Amino acid sequence: MPVFKASNAFRLQKLMAQKVVWEGKISYLSKVVGLDLAFVGREGVGIAALLNYPELKLIKYAVAVDEVPIPYVPGLLAFREAPLMFAAYEALNEDADLIMVDGHGVTHPRGLGIASHIGLVLDKPSIGAAKKPLYGSEEAVEGVNYVVVGGRRAAVIMEGSKGKRIYLSIGHKVGIDEIVRLAPTFFRGHSLPEPTYVADRISKEVRRKVAEGVGR
DNA sequence: GCGACAG
DNA sequence: ATCTTGTCGC
């Protein structure tokens, strides 16, 4: 069997990055899907959580569990985590108006963080929600903190509860101004935006059940 | 070459 | 991401 080759992944990212759309507005927003992954040893637990908007209440969720053979390599996160996220999204069997992914979008060394990777493949508007910076320089404009990449504003830095900084980046087909407009509406008293928070909570909850099933 | 490095 | 108890604070 072929093994994961970082050099090939790099080439693919550069090609895919050219297809990513940094602009766009969400004309109709009702279904938001949060994607996240948890681990139990080598087993990955992918979660696709559907929330309504603007209430941000969990409507339903889908799970995908499988072995994750790709190692974690900074910058190549999508190759490790996206497969199970696609599987979970597929199992959800819903058409999302917007997808929020744990991690960065275009604020990535080659312009293709996991949020952009997933938005591009599913051809859906997507936004990345990360807890730590990865790429780009900070710049404050009119009271808003941005992350600039190649001269273009690529992410907005939000302050979750207890002052925690969260990086909301362009994933695909959502412009920076649209993210600035929507950003505040995604927070509900947690450090993370609600779609990501809910998906993360569920992933850890399901992870525990999977861990028990593994031990026998 | 050295250090940094989403989850 | 995950390994991990109690503990400080809203």
Side-chain angles (χ1 to χ4, degrees), chain A residues 4 6-7 9-10 12-13 16-17 20 34-49 63-89 99-120 126-138 145-149 154-172 179 187-193 195-212 214-215:
Chain A
F4 179 65
S7 57
F10 272 54
L12 183 53
Q13 286 188 324
M16 291 174 75
V20 174
L35 260 32
D36 191 26
L37 209 66
F39 287 88
V40 180
R42 297 184 51 185
E43 294 277 297
V45 179
I47 299 293
V63 184
V65 180
D66 201 354
E67 188 100 336
V68 177
I70 309 299
Y72 169 67
V73 178
L76 300 181
L77 178 67
F79 293 88
R80 172 176 166 80
E81 304 198 345
L84 279 177
M85 288 185 178
F86 288 139
Y89 181 76
I99 293 177
M100 189 170 284
V101 186
D102 218 318
H104 285 90
V106 299
T107 37
H108 173 280
R110 288 168 295 287
L112 198 84
I114 189 168
S116 298
H117 184 124
I118 287 177
L120 185 66
S126 66
I127 292 177
K131 311 172 199 65
K132 303 175 194 171
L134 172 65
Y135 187 79
S137 54
E138 260 186 70
N145 285 71
Y146 295 93
V147 173
V148 177
V149 172
V156 175
I157 303 175
M158 297 295 289
E159 303 260 318
S161 64
K162 69 184 191 256
K164 179 65 178 173
R165 289 157 68 84
I166 298 298
Y167 300 75
L168 293 184
S169 55
I170 292 172
H172 183 53
I179 291 181
F187 290 83
R188 285 287 188 285
H190 299 289
S191 292
L192 294 168
T196 299
Y197 174 77
V198 171
D200 180 72
R201 240 194 75 271
I202 296 173
S203 73
K204 284 167 181 165
E205 179 178 305
V206 173
R207 172 175 61 68
R208 187 166 56 169
K209 296 176 183 174
V210 173
E212 295 171 353
V214 163

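Labels below follow one simple rule: chain letters A, B, ... track the order of the sequence lines, proteins then strands, and each chain is numbered from 1. None of the values given here were measured: they were computed from a predicted structure.
Per the geometry, CE belonging to A/Met85 stands 8 Å off C1' belonging to B/dG7, to the nearest Å. When the C1' atom of C/dA1 is taken as reference, atom CD of A/Glu43 falls 15 Å away, rounded to whole Å. Remark: C1' of B/dA4 and NE2 of A/His108 are 14 Å apart, rounded to the nearest angstrom. What separates CG of A/Leu192 from P of B/dA6 is a distance of 16 Å, to the nearest Å. The distance between atom CG of A/Asp36 and atom C1' of C/dT2, rounded to the nearest whole Å, is 13 Å. Between the OH atom of A/Tyr167 and the P atom of B/dG7 there is a distance of 10 Å, given to the nearest Å. One atom, CG of A/Asp102, and another, C1' of B/dG7, lie 7 Å apart when rounded to the nearest Å. A/Leu77 places its CG atom 12 Å from the C1' atom of B/dC5, with the value rounded to the nearest Å.
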Step by step, work out the salt bridge (charged side-chain N to carboxylate O under 4.0 Å, His left out) result for A/Glu212 and A/Arg207. CA-CA 9 Å; A/Glu212 295 171 353; A/Arg207 172 175 61 68; over 6 Å; no
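Remark: side-chain polar atoms of A/Arg80 are not paired, donor with acceptor, to backbone N or O of A/Pro71 under 3.5 angstrom. The backbone N or O of A/Val106 lies less than 3.5 Å from a partner atom in the side chain of A/Ser116, making a donor-acceptor pair.
For A/Tyr72, a side-chain nitrogen or oxygen approaches OP1 or OP2 of B/dA6 to under 4.0 Å. In terms of phosphate contacts, A/Lys131 brings a side-chain nitrogen or oxygen within less than 4.0 Å of OP1 or OP2 of B/dG7.
Salt bridge present: A/Asp102 and A/Lys131 bring a charged side-chain N and a carboxylate O closer than 4.0 Å.
Using a 4.0 Å heavy-atom distance criterion, A/Pro109 is classed as making no nucleic acid contact. Using a 4.0 Å heavy-atom cutoff across all strands shown, A/Gly44 reaches no nucleic acid atom at all. A/Leu35 comes within 4.0 angstrom of nothing in the nucleic acid, heavy atoms only. Across all strands shown, A/Arg207 has heavy atoms under 4.0 Å from sugar-phosphate atoms exclusively, and none from any base.
The aromatic ring centres of A/His190 and A/Tyr197 sit less than 6.0 Å apart.
Of the candidates C/dT2, B/dG7, B/dC5, B/dC5 carries the atom nearest the A/Leu134 side chain, counting heavy atoms from C-beta on.
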